[in-house]
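Contents: one structure, followed by commentary.
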Amino acid sequence: MEHRDWRKSVVYQIYPKSFNDTTGSGEGDIRGIIEKLDYFKMLGVDYLWLTPVYESPMNDNGYDISDYYEVNPQFGDKKDLKELLEKAHAKDIRIMMDIVINHTSTEHQWFVDSRTSKDSKYRNYYIWKDSADGQPPTNWESKFGGNAWAYDSQTNQYYLRLFDITQADLNWENEDMRRDIYEMINYWIDFGVDGLRFDVINLISKGKFESSNGLGKEFYTDGPKVHEYINELNRNTFGDKDVMTVGEMSSTTIDHCLKYTDPERNELNSVFNFHHLKVDYPGGEKWTLANFDFLELKRILMEWQVAMDEGGGWNAIFWCNHDQPRVVSRFGNDQTEENRVLSGKMLAIALHGLKGTPYIYQGEEIGMTNPGFRRIDQYRDIESLNAYTILRERGMDSHQIMDILASKSRDNSRTPMQWDDSIHGGFTEGEPWIEVPKEYENINVGRALEDKASIFYTYQKLIQLRHELDVLTYGSVEPYMMEDENLFIYTRTYKNEKLTIIANFRDKEVSYPENISVDGEVLLSNYKDKKEMLRPYEALMTYGQEK
Ligand code: GLC
């Protein structure tokens, strides 16, 4: 493979279950990914991140791992994975695996053994506590709803589960457990993977087990030994290898992320944070309907951009993943075809001008939209189903819950990839595990590739620019007009090069800003020409050189 600095790379995220089914099972598989390698080559991405394909009961679609060393037969086998690696490498595409080590499935052998007795060799691989006066050990709340402790009658104790009841948190205080985890990661590095994405890695160090005035997050988020553990993980596994790493950081801070990514500290290359995706959670509440707060979106994105740039950290930059609704439906406009295409491109330009490693989630590059499910039986996601039950218990009307899920559910991004206008969007010849939205007839890869003005080609161009322009990789970031209600504006500067990015987030004409020049060469825009005013959703990236 050609050497490419990971800082200049673009990552494409695949949700294998919904990507491409080659067996007719209704679920995607690894061979389905192999089949599409030319598509990725055409798009130009450098890494493919696969969400977990390990053995799993799939209660949380693979984030509940029951065997770290086996491939889930529903996705294929290790031979398929090996073939994917070889064929991808031959095309200069790298493979990034998802590493889930905050918790395992309760079906993992460690947990099965751990729960049998307090003397089990694996008892301390997990976090077991006595009840506090007949109540769970603390009042912490699970991220998927309910108390974070699950009672187990076999030994009359509770185990911690920050996510589903079938996802038991590992005890990172235990050195044997840590050693087993490092061994497993080294197995996959030796297998040939090129990148590692660490699931909720900033939750591994639990502090004190005390009740909270809130949800309990303060006790385990960026916990007391988290940097020590990540540094140890680095030294024992990928540290001296050509393996790109990214950590998923839940409710984190800039200060911690500067540490996680400081090259001197030997922790991780880069981090995901989610603060910019909570701008439609009024008062921190996800399960409500709300317009997004544009000024807050800019403020958060830019605060992170500038601070990580100045402090020598490194962000992953993204709008979409398998846990987030579709961005055109969320921050753009999917109400008409024209607006979908304009705003889809605008959002791409606004994001891909930023500093960090860009991530594209399957279907984003063709402007896939939220499916608009109306019935609870159309949903599959455990978090959404739990939320439905909890909101019903609180007395909320089911129509209202349906409106909320249609805008917030993780299933919005988990519907099958829309390949063409044949039945089920060309995803499967069987019955898809989750419905394909009817929009596939219009929004699909086949159409996008035929139309030179489609969103796909804007992404292709942005990836090409990322590879070619040093200023996109290394340039410092300067925001402008942060109080403007319509425009998102920033510049990037490196040596004598300067990029200016202007994006109109509104469905109306807006004047050009007065205090910033857009006279440079237009590298990319979502309109054919430039006019006196910025048109609805108009976005441009201009390039200039100082003499
Ligand atoms: C991460 C994953 C999400 C999963 C959770 C628990 O947030 O992205 O899909 O449910 O971790 O593993």
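Read the numbers this way: they start at 1 and go in the same order the structure lists the ligands and their atoms. Hydrogens, waters and symmetry mates play no part in the numbers below; they use all other heavy atoms, side chains included.
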Partner set under side-chain contact (heavy atoms from CB on, under 4.5 Å) for Cys257, not counting sequence neighbours: Met249, Thr252, Tyr260, Val271, Trp304, Met308

Arg374 and Asp403 ion-paired at < 4.0 Å: yes

Suppose the criterion is salt bridge (Lys or Arg N to Asp or Glu O under 4.0 Å): which pairs have a residue in residues 382-391, not counting sequence neighbours? Lys286-Glu383, Glu383-Arg410

Which parts of the protein, at residue level, reach under 4.0 Å of ligand 1 through a heavy atom? Asp60, Tyr63, His103, Phe144, Phe163, Gln167, Arg197, Asp199, Val200, Glu248, His322, Asp323, Arg410, Arg414

Any pair with a residue in residues 181-202 that passes salt bridge (Lys or Arg N to Asp or Glu O under 4.0 Å), sequence neighbours left out, goes on the list, sorted by first then second residue, please. Asp98-Arg197, Arg197-Asp199, Arg197-Glu248

Aromatic ring proximity, centroids under 6.0 angstrom, Phe191 and Tyr69: no

Residues Arg299, Glu296: salt bridge by 4.0 Å N-O rule: yes

